[in-house]
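To start, the structure itself, in structure tokens.
Quick note: numbers below take in every heavy atom, side chains included, and nothing from hydrogens, waters or symmetry partners. Predicted, not measured: the structure shown is a model, and the values here were computed from it.
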Amino acid sequence: QVQLVESGGGLVQPGGSLRLSCVLSGAIFRLYAMGWYRQAPGKQRELVATITLDGTTNYADSVKGRFTISRDNAKNTVSLQMNSLKPEDTAVYYCWTQRHNTWGQGTQVTVSS
């Protein structure tokens with residue numbers, strides 16, 4: 001069974017940083033694209049960033065230059081480094097894998113003073 005477990009969310013002040021991590025089990029991690037999405041209250045889920053098998057990355061315009069997605073195939077882990085956080089980044093962040101289009105349970109990120 002494919003599972004994704006996220007960690008690293010929390011409360012941070014504007015301008016601060018957080019690092020999210022997501023571990024994949026039940027699949028061969030290096031064979032699949034991975035990504036992060038987010039959903040703010042009252043809004044649809046939206047793409048944040050994706051990373052392909054060979055490490056090619058894609059970002060939403062709203063996070064370019066502030067967020068960095070990376071993968072560690074040896075640890076079955078995809079990470080999202082978030083810098084210069086803004087209140088509008090507040091959302092539940094979901095990890096995603098191309099394998100069976102599977103989603104994690106989500107982790108809350110709140111940016112507030």
Side-chain angles (χ1 to χ4, degrees):
Q1 182 180 0
V2 180
Q3 280 191 316
L4 295 168
V5 178
E6 300 117 332
S7 61
L11 172 64
V12 63
Q13 292 187 344
S17 298
L18 280 176
R19 186 176 180 85
L20 306 182
S21 294
C22 172
V23 178
L24 171 69
S25 61
I28 302 174
F29 181 82
R30 60 181 172 81
L31 297 182
Y32 302 103
M34 302 291 297
W36 288 94
Y37 288 72
R38 68 187 181 187
Q39 187 167 18
K43 295 187 177 181
Q44 290 190 330
R45 191 172 297 188
E46 64 176 5
L47 168 75
V48 176
T50 59
I51 185 166
T52 64
L53 310 185
D54 63 0
T56 301
T57 57
N58 179 54
Y59 296 93
D61 287 343
S62 59
V63 307
K64 282 181 181 176
R66 301 187 298 122
F67 291 12
T68 303
I69 189 171
S70 60
R71 64 189 297 155
D72 185 337
N73 290 342
K75 296 182 179 180
N76 290 0
T77 299
V78 60
S79 299
L80 185 69
Q81 178 66 42
M82 305 185 293
N83 298 328
S84 302
L85 282 160
K86 304 175 181 180
E88 51 263 44
D89 294 318
T90 295
V92 178
Y93 283 69
Y94 295 91
C95 182
W96 166 86
T97 177
Q98 184 184 27
R99 175 66 171 169
H100 296 327
N101 196 34
T102 301
W103 297 88
Q105 81 284 0
T107 185
Q108 177 70 46
V109 171
T110 302
V111 184
S112 175
S113 55

Stepwise side-chain contact (heavy atoms from CB on, under 4.5 Å) check, Thr50 with Thr57: CA-CA 6 Å; Thr50 59; Thr57 57; over 6 Å; no
Can you check side-chain contact (heavy atoms from CB on, under 4.5 Å) on Trp36 and Ile69, steps first, answer last? CA-CA 8 Å; Trp36 288 94; Ile69 189 171; 3.7 Å; yes
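Side-chain atoms of Tyr93 and Met82, non-hydrogen and from C-beta on, do get closer than 4.5 Å to each other. You'll find the side chain of Leu11 reaches within 4.5 Å of the side chain of Ser112, heavy atoms only. The side-chain heavy atoms of Val78 and Cys95, taken from C-beta on, include a pair separated by under 4.5 Å. Asp72 has its side chain out of reach of Phe29: every pair of non-hydrogen atoms, C-beta onward, lies at least 4.5 Å apart. Side-chain contact between Trp96 and Cys22 is absent, with no heavy atoms from C-beta onward closer than 4.5 Å. Within the 4.5 Å cutoff, side-chain heavy atoms of Val2 are placed close to those of Leu24. Side chains of Phe67 and Val48 form a contact here, defined as non-hydrogen atoms less than 4.5 Å apart. Looking at Leu20 and Thr107, their side chains come closer than 4.5 Å, going by heavy atoms from C-beta outward.
Closest heavy-atom contact between Arg38 and Asp89: NH1-OD1, 3.0 Å. Closest heavy-atom contact between Ser84 and Ser17: N-OG, 4.4 Å. What you find for Arg99 and Ala27 is that their closest heavy atoms are CG-CB, 3.9 Å. Smallest separation of non-hydrogen atoms from Pro14 and Ser113: CD-N, 3.7 Å.
Remark: the backbone N or O of Lys75 is paired with a side-chain donor or acceptor of Thr77 at under 3.5 angstrom. Proximity of a side-chain donor or acceptor of Arg30 to a complementary backbone N or O of Asn76 within less than 3.5 Å is not detected. In this structure, the side chain of Thr97 does not engage the main chain of Met34 through any donor-acceptor pair within 3.5 Å. Formation of a donor-acceptor pair under 3.5 Å by the Glu6 side chain with backbone atoms of Gln105 is found in this model.
Taking a 6.0 Å sphere around CD of Gln44, one finds it holds 12 or fewer heavy atoms contributed by other residues, nucleotides or ligands.
In this model, a donor atom of one side chain and an acceptor atom of the other lie less than 3.5 Å apart for Thr110 and Gln108.
A distance of 8.0 Å separates CD of Gln1 from OG of Ser25, quoted to the nearest 0.5 Å. To the nearest 0.5 Å, atoms CD (Gln81) and CG (Asn83) are separated by 4.5 Å.
Tyr32 and Ile51 fall into different hydrophobic clusters, where Ile, Leu, Val, Met, Phe, Trp and Tyr side chains are chained together by heavy-atom contacts under 4.5 Å. Residues Tyr37 and Val23 do not share a hydrophobic cluster, defined by chaining ILVMFWY side chains whose heavy atoms lie under 4.5 Å apart. Taking hydrophobic clusters as Ile, Leu, Val, Met, Phe, Trp and Tyr residues chained together by side-chain heavy-atom distances below 4.5 Å, Leu4 does not share a cluster with Val92.
Taking the ring axis of Tyr94 as reference, the NZ or CZ atom of Arg45 stays within 45° of it and closer than 6.0 Å to the ring centre.
Taking 4.0 Å as the cut-off between side-chain N and carboxylate O, Lys64 and Asp61 count as a salt-bridged pair.
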